[in-house]
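Below: one structure, written as structure tokens.
Below, read A as the first sequence line, B as the second, and so on, with proteins coming before strands; counting in each chain starts at 1. Atom set for the values below is all heavy atoms of this structure, side chains included, hydrogens, waters and symmetry mates excluded.
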Amino acid sequence: MRGIERVYAGILNQEYTLESAQPLTFHSDYYRDESTLVYVTGRSIVEARFFGDTEDKRIEARCNGRRIDLKDEIRRRFRLGDDIDELYRRINTDKMISGAIDRYRGMRVTLNEPWETTLCFIVSQFNNVKRIRGIVRKIIDNFGEEIYGPDGKVFHTFPQADVIRELKVDDIMRCGAGFRARYIRSAAEYCTDNIDLNRLNGRSYEDIKSELMQIEGVGDKVADCIALMGFGRFEAFPIDVWIKRTVERMYFNGKARRVREIHDFARERWGDTAGFAQQYIFWYGRNVMDRYNRSASQSSM
DNA sequence: ACCCAGGCGGGCG
DNA sequence: CGCCCGCATGGG
């Protein structure tokens, strides 16, 4: 672990970014006290430290070996090439969302490997963050390849689809995946028999989403999460219970709306930056709006 | 003991 | 279609 790369990140808050239920939240470790993220990408172990405040963030990163362009990896992972001021201008349509933007300023929507994103969000369904982390961790530790960090510490690569497909459903069940184990295995089969997900990279959002929804266990919401965080498509607007609840409260006077209507609303209002808006509404809804009608005691992270 | 969790597929009217 | 139900599991 030598060769520190310094990257200027501009506007970035790593805590909001790394704790807001994105794939890195599920399969990596962020040490808040040390402002340090440790994650595996491919066969590389990346350690990134964050310095400075949200308006002027700097990152110092290092990794084992030299098989990746570390600077490029960091810039790509956190989408530092995006003009975030422009993104804020485009999603800042009203007083409601502007509260969310102000509160979580610097939160980035990360870019992740499509397969890793698929597995993580299949695990996320009808589940809570703590358990998602535990299940994903066990799948990685049980089925990933061993690689070695500093001081001989053992890490594991993220098990690829061709490895998962050879497992018995019971093997995945033993990781605590429950009824999702079947989905995980069928996703692995689909991604090796029918399509290499990486081939979807150049395709339209609609194509990507409909292809993903061919996978058993990937529905409307998970497909949008993968399009958003696995393919970087900001047209995607994943609608989970929090988004639905929060959008209904913010924009529909608390009246129930169908998922279809909320998709239409988001597309009209935020267009091809809807996914960026979604992350702010999601995190704001979970942490702030929710206090109106819940005991606010079971945040379950 | 009970409730809930970044949903999904299948079955019903 | 739109709605409703069960689903594995562990933490609060």
Side-chain angles (χ1 to χ4, degrees), chain A residues 16-28 100 104 107 109-110 112 116-139 142 168-187 189-190 209-230 236-249 255-264 266 274-291 293-301:
Chain A
Y16 301 147
T17 304
L18 297 170
E19 294 172 2
S20 58
Q22 301 189 224
L24 285 169
T25 311
F26 300 144
H27 73 247
S28 303
Y104 297 113
M107 181 165 62
V109 174
T110 60
N112 306 270
E116 300 180 9
T117 308
T118 301
L119 193 146
C120 284
F121 280 108
I122 286 175
V123 172
S124 80
Q125 62 181 79
F126 196 46
N127 212 340
N128 59 61
V129 171
K130 182 167 265 183
R131 280 198 70 234
I132 298 165
R133 284 178 59 89
I135 294 164
V136 170
R137 176 44 51 198
K138 280 177 198 154
I139 291 173
N142 286 337
K168 303 289 184 205
V169 172
D170 278 350
D171 297 332
I172 307 172
M173 279 278 210
R174 272 181 229 109
C175 298
F179 64 88
R180 309 163 196 83
R182 191 166 56 83
Y183 297 155
I184 291 168
R185 211 179 86 94
S186 76
E189 283 172 7
Y190 190 86
K209 183 170 177 181
S210 65
E211 184 71 44
L212 290 167
M213 286 183 67
Q214 300 304 304
I215 300 172
E216 190 193 2
V218 175
D220 181 78
K221 187 266 177 185
V222 168
D224 269 328
C225 281
I226 303 166
L228 179 61
M229 298 178 201
F237 190 85
I239 299 173
D240 68 345
V241 289
W242 292 100
I243 286 293
K244 187 166 182 299
R245 232 181 261 159
T246 307
V247 169
E248 284 165 356
R249 281 194 207 152
K255 294 185 191 304
R257 286 291 176 270
R258 301 205 207 326
V259 168
R260 183 74 256 164
E261 295 176 274
I262 295 177
H263 273 306
D264 293 343
F276 190 69
Q278 187 270 356
Q279 191 62 20
Y280 283 80
I281 297 167
F282 168 68
W283 207 229
Y284 188 77
R286 273 202 63 151
N287 297 312
V288 184
M289 289 289 273
D290 190 46
R291 289 182 196 161
N293 72 349
R294 273 176 192 253
S295 52
S297 58
Q298 84 272 4
S299 68
S300 67
M301 287 196 42

Where the side chain of Arg258(A) is concerned, which of dC8(B), dG2(C), dG6(B) is the nearest nucleotide?
dG2(C)
Whole-Å distance, Ile239(A) CD1 to dG7(B) P, equals 12 Å
Nearest-angstrom distance from the residue atom CZ of Arg260(A) to P of dC3(C)
14 Å
Kindly write out the residues that satisfy salt bridge (charged side-chain N to carboxylate O under 4.0 Å, His left out) with Asp171(A), not counting sequence neighbours, or none if the list is empty.
Arg174(A)
Sequence neighbours left out, what passes side chain to side chain donor-acceptor pair (under 3.5 Å) with Glu261(A)? Give chain and number order.
none
What residues, two or more places apart in sequence or in another chain, satisfy salt bridge (charged side-chain N to carboxylate O under 4.0 Å, His left out) together with Arg185(A)?
Glu189(A)
Separation between the P atoms of dG11(B) and dA8(C), rounded to whole Å
15 Å
Side chains of His27(A) and Asn112(A): any donor to acceptor distance under 3.5 Å?
no
Measure the distance from NZ on Lys244(A) to P on dG2(C) and round it to the nearest whole Å.
13 Å
By side chain to side chain donor-acceptor pair (under 3.5 Å) - contacts of Ser186(A) (at least two apart):
none
Distance test, side-chain N/O of Arg245(A) to OP1/OP2 of dG6(B), below 4.0 Å
no
Could you work out, with salt bridge (charged side-chain N to carboxylate O under 4.0 Å, His left out) as the rule, every residue matching Arg257(A), not counting sequence neighbours?
none
DNA chain B: stems of at least 3 consecutive Watson-Crick or G-U pairs, cut-off 3.5 Å?
B:2-5 with C:9-12, B:7-13 with C:1-7
Under the side chain to side chain donor-acceptor pair (under 3.5 Å) test, residues paired with Glu216(A) that sit two or more places apart
Arg182(A)
Take atom P in dC4(B) and the same atom in dC5(C), then report the distance between them in whole Å.
14 Å
Each nucleotide N or O in nucleotides 6-10 of chain C that has a protein N or O under 3.5 Å away: list the pair and distance.
residue, atom, partner, partner atom, Å
dA8(C), O4', Phe179(A), N, 3.2
dA8(C), N1, Arg180(A), NH2, 3.4
dT9(C), O4', Arg131(A), NH2, 3.4
dT9(C), O2, Arg131(A), NH1, 2.8
dG10(C), O4', Arg131(A), NE, 3.3

For Arg258(A), enumerate each residue passing the salt bridge (charged side-chain N to carboxylate O under 4.0 Å, His left out) test, keeping only those at least two apart in sequence or located in another chain.
none
What's Gln279(A) touching, base or sugar-phosphate or nothing? Going by heavy atoms closer than 4.0 Å.
base
With sequence neighbours left out, the residues meeting side chain to side chain donor-acceptor pair (under 3.5 Å) with Asn127(A) are Arg131(A)
Once you apply a heavy-atom cut-off of 4.0 Å, does Ile215(A) come out as touching a base, just sugar-phosphate, or nothing?
sugar-phosphate
In whole angstroms, the gap separating C1' of dC8(B) from CD1 of Ile226(A) amounts to 13 Å
With sugar-phosphate meaning primed atoms plus P, OP1 and OP2, does Met213(A) contact a base, only sugar-phosphate, or nothing at under 4.0 Å between heavy atoms?
nothing
When Phe276(A), Tyr284(A), Trp283(A) are each screened for ring pair (Phe, Tyr, Trp, His ring centres under 6.0 Å) with Tyr280(A), the one that passes is Phe276(A)
Atom pairs, protein N/O to nucleotides 11-13 of chain B N/O, distance under 3.5 Å:
none

Using heavy-atom distances to pick each residue's nearest nucleotide on DNA chain B, tell me which of Gln278(A) and Glu216(A) is more 5'.
Gln278(A)
Taking CZ from Phe282(A) and C1' from dA5(B), how many angstroms apart are they, rounded to a whole number?
11 Å
Non-neighbouring partners of Gln279(A) that pass side-chain contact (heavy atoms from CB on, under 4.5 Å), sequence neighbours left out
Ser20(A), Gln22(A), Met107(A), Val109(A), Met229(A), Phe282(A)
Atom CZ of Phe121(A) and atom C1' of dC8(B) are separated, to the nearest Å, by 16 Å
Would Arg260(A) and Asp264(A) pass as an ion pair if we require N to O under 4.0 Å?
yes
When rounded to whole Å, the CD1 to P distance for the pair Ile135(A) and dG11(C) reads 11 Å
Please state how far atom CG in Asn287(A) lies from atom C1' in dG6(B), giving the value in whole angstrom units.
12 Å
